[in-house]
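Data block below; observations after.
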Amino acid sequence: MIDTGDIIETIRMITDENLDVRTVTMGVSLLDCADEDPKKACEKIYQKITTVAKDLVPIVEDISANYGVPIVNKRISVTPISMLLACAKNPNPADYAKALDRAAHTVGVNFVGGYSALVQKGFAKGDRELIASIPEALSTTKLVCSSINIGSTKSGLNMDAVKMMGPIIRRTAELTKDDNCMGAAKLVVFCNAPEDNPFMAGAFHGPGEPDCVINVGVSGPGAVRAALAKLPKDADLSKVAETVKRTAFKITRMGELVGRLAAGRLGVPFGIVDLSLAPTPAVGDSVANVLEEMGLEKCGCYGTTAALALLNDAVKKGGVMASGHVGGLSGAFIPVSEDEGMIKSVRQGALGLEKLEAMTAVCSVGIDMVVVPGDTPAEVLSGLIADEAAIGMVNTKTTAVRVIPAIGKKAGDELNFGGLLGYGPVMPINTFSPKTFIDRGGRIPAPLQALKN
């Protein structure tokens, strides 16, 4: 039971510590929109989204107003579009992206995710075409996000897809250079992508999901940091973990309440709460600050990976106690441009790409919202993807790369995206070439951990 004190504390978290529900995301299956005529398929996509999601934004905003809970984003995720391309005759995949964008604008959501392909074991019909079209699709739309799953613990890594994605990321950045390379900020490459992720840019509606579902992503690094600040500086790490766990419990309960209310009023099933700690550029709403509150001088110093492992584990334990429907990514995000503390650590030289890679072995996602010099070779980007995917594959966890080549900029410059995407210092990157390795292609076989049956 939650007593009066818990309720008062949650209210204080909202008013003083940047606690919010980061997103209510409606997952929508588009499998019934497939058509061999691409124009008909695009019209079906528009009609279905604008029908099932027509009340999403007003209902979520009403819940936010009635309960006093900030709900930052309203989003939609859809069936991977490459699946719809498989039955179409001579489609232009970017037309499907434009249909998604038009529907998203009509219903008033912040983003729509699912311009995606699942190619962890190889390419099906429509997959290569969709990947090749990503630069055009993301440079001609505003609200569409794209994700590609190039590996999994069960299937290994599709290195042909890894090779493709380096040039695709570069080209997407080039086509949107006048918009701060925003296209690349809406593109993520996954290993072990979850089918029920409510967070962008990686959200898509997996083929195992219901026809329509509501998933919720909560946040609250500011609330966790504030709770830790009340501990004595000599409190042992078991006490630190317990404090994080109790705070995550309260945050998750709030997220489940919002999700169930939204699902009930929309007449669709409630899916999951993703209890990832998602930071913002706002002062005090930083995962890096949480780690520093544990006793690190600066996020990125030695001890950071251990502190992050403690945080990630305690968040999951608190969330699982609070909800029987935890899913998505669920852990701690470490996106550089979206985290005020991470930005400071990079600027002061405490945090580099190598340390970020080590941190991703114990937390959610991976190299996320990292800005690199605009002249970074495509094969270096592919090598970065391969390394992150290997961490996810071997450790049976989700990892990802969302990296933005800042066209025309060099290390030490800055790229400003605005809003929740924040701003990022251009980070130096190792440019010794992995080209021969990447050009080999083929598949890196699944690890022994895959043989669990």
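One-based numbering along the sequence shown. Below, all heavy atoms of this structure are taken into account, side chains as well, without hydrogens, waters or symmetry copies.
Two residues are said to be in side-chain contact when any heavy atoms from C-beta on lie closer than 4.5 Å; Ile272 and Val326 fail this criterion. Counting heavy atoms from C-beta on, the side chains of Pro377 and Thr431 come closer than 4.5 Å. Taking the side chain as every heavy atom from C-beta outward, Glu414 and Val426 never approach each other to under 4.5 Å. Residues Pro405 and Ile169 are in side-chain contact: their nearest non-hydrogen atoms beyond the backbone lie under 4.5 Å apart. For the pair Asn92 and Pro38, the minimum side-chain heavy-atom distance is 4.5 Å or more. Residues Lys74 and Glu61 are in side-chain contact: their nearest non-hydrogen atoms beyond the backbone lie under 4.5 Å apart. The closest side-chain heavy-atom distance from Glu209 to Asp196 is below 4.5 Å. Using a 4.5 Å heavy-atom threshold, the side chains of Ile214 and Leu56 count as touching.
Counting all heavy atoms, side chain and backbone alike, Ile343 lies closest to Val336 at CG1-O, 3.2 Å. A pairwise comparison of heavy atoms in Pro70 and Gly68 identifies CD-O, 3.7 Å as the closest pair. The two residues Leu143 and Val109 make their nearest non-hydrogen contact at CD1-O, 3.7 Å. The minimum heavy-atom distance linking Pro91 with Ala88 is given by the pair CD-O, 3.7 Å. Residues Glu195 and Gly208 approach most closely at OE1-N, 3.3 Å, considering heavy atoms. When all heavy atoms of Val107 and Val57 are compared, the pair lying nearest together is O-CG2, 3.3 Å.
With 3.5 Å as the limit, one finds a donor-acceptor pair spanning the side chains of Gln120 and Asn149. Neither side chain, Ser139 nor Thr176, offers a donor N or O lying under 3.5 Å from an acceptor on the other. Judged purely by distance below 3.5 Å, without hydrogens or angles, the side chains of Arg75 and Thr25 never pair a donor atom with an acceptor atom. Residues Tyr115 and Thr141 bring no donor and acceptor atom of their side chains to less than 3.5 Å of each other. Counting only N and O atoms by type, the side chains of Ser286 and Glu340 include no donor and acceptor under 3.5 Å apart. Side-chain N/O atoms of Asn192 and Thr153 include a donor and acceptor closer than 3.5 Å.
For Asn66, the CG atom is densely surrounded, since the number of other residues' heavy atoms within 6.0 Å is greater than 12. Counted within 6.0 Å of NZ on Lys39, heavy atoms from surrounding residues, nucleotides or ligands total 12 or fewer; the atom is thus considered open.
Salt bridge present: Asp439 and Lys163 bring a charged side-chain N and a carboxylate O closer than 4.0 Å. Using a cutoff of 4.0 Å between basic side-chain nitrogens and carboxylate oxygens, Glu338 and Arg402 are scored as salt-bridged. With respect to the salt-bridge test (charged N to carboxylate O, under 4.0 angstrom), the residues Lys44 and Asp32 do not qualify. Ion pairing between Lys48 and Asp211 holds under the 4.0 Å rule for side-chain N and carboxylate O. Salt-bridge formation is not detected for the pair Lys89/Asp37: no Lys NZ or Arg NE/NH1/NH2 atom is positioned less than 4.0 Å from an Asp or Glu carboxylate oxygen. A salt bridge links Glu174 with Arg170: the distance from a Lys NZ or Arg NE/NH1/NH2 to an Asp or Glu carboxylate oxygen falls below 4.0 Å.
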Decide side-chain contact (heavy atoms from CB on, under 4.5 Å) for Met369 and Phe417; before the verdict, give the C-alpha distance in whole Å, the side-chain angles of both, and the deciding distance to 0.1 Å.
CA-CA 10 Å; Met369 288 303 291; Phe417 307 103; 3.7 Å; yes

Between Ile81 and Ser116, does the side-chain contact (heavy atoms from CB on, under 4.5 Å) criterion hold? Intermediate values first, please.
CA-CA 6 Å; Ile81 292 298; Ser116 306; over 6 Å; no

How far apart are the C-alpha atoms of Leu277 and Leu311, what are their side-chain angles, what is the distance that settles it, and do they pass the side-chain contact (heavy atoms from CB on, under 4.5 Å) test?
CA-CA 10 Å; Leu277 290 183; Leu311 174 65; 3.9 Å; yes

Check the pair Lys121, Asn158 against side-chain contact (heavy atoms from CB on, under 4.5 Å), reporting the backbone distance first and the verdict last.
CA-CA 6 Å; Lys121 208 169 183 178; Asn158 180 351; over 6 Å; no

Where do Ser323 and Glu256 land on the side chain to side chain donor-acceptor pair (under 3.5 Å) test, with the steps shown first?
CA-CA 7 Å; Ser323 172; Glu256 175 145 340; 2.3 Å; yes

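Separation of atoms CD (Glu129) and CZ (Phe123) is listed at 10.5 Å; rounding is to 0.5 Å. Note that the CG atom of Leu351 and the NZ atom of Lys344 stand 14.5 Å from one another [nearest 0.5 Å]. Considering CG of Leu384 and CD of Glu357, their distance stands at 7.0 Å, rounded to 0.5 Å. The distance from the CG atom of Asp55 to the CE atom of Met26 is 8.5 Å, given to the nearest 0.5 Å. Here the NZ-CG distance, from Lys355 to Leu308, works out to 9.5 Å after rounding to the nearest 0.5 Å. Met254 CE to Lys250 NZ: the interatomic distance, rounded to the nearest 0.5 Å, is 13.0 Å.
Both tests pass for Arg102 against the ring of Tyr46: distance under 6.0 Å to the centre and angle within 45° of the axis.
No side-chain donor-acceptor contact under 3.5 Å links Lys177 to the backbone of Ile407. Using modelled atom types, no side-chain atom of Ser147 and backbone atom of Val188 make a donor-acceptor pair closer than 3.5 Å. One N or O on the side chain of Arg253 and one on the backbone of Ala322 form a donor-acceptor pair closer than 3.5 Å. With hydrogens and angles ignored, the 3.5 Å screen pairs no side-chain donor or acceptor of Asn416 with any backbone N or O of Tyr423. Side-chain atoms of Asp339 come within 3.5 Å of backbone atoms of Met342 as a donor-acceptor pair (strictly under, hydrogens ignored). Put simply, the side chain of Arg225 never gets that close to the backbone of Leu291: no donor and acceptor are under 3.5 Å apart. Without hydrogens or angle criteria, Asn395 side chain to Lys397 main chain gives no donor-acceptor distance under 3.5 Å. Within the 3.5 Å criterion, the main-chain N or O of Ile334 finds no donor-acceptor partner in the side chain of Asp368. In this structure, the side chain of Thr79 engages the main chain of Leu30 through a donor-acceptor pair within 3.5 Å.
Every pair passing ring pair (Phe, Tyr, Trp, His ring centres under 6.0 Å) that includes a residue from residues 189-224 is listed here, sequence neighbours excluded: Phe199-Phe333.
Applying the side chain to side chain contact (heavy atoms under 4.5 Å, CB included) rule to Ala117 yields the partners Ser82, Val119, Asp127, Leu130, Ile148; only residues at least two apart in sequence or on another chain are considered. Residues that satisfy the side chain to side chain contact (heavy atoms under 4.5 Å, CB included) test with Leu261, not counting sequence neighbours, are Ile63, Tyr67, Leu257.
With respect to Ser330, the side chain to side chain contact (heavy atoms under 4.5 Å, CB included) criterion is satisfied by exactly one of Val218, Thr252, Asp274: Asp274.
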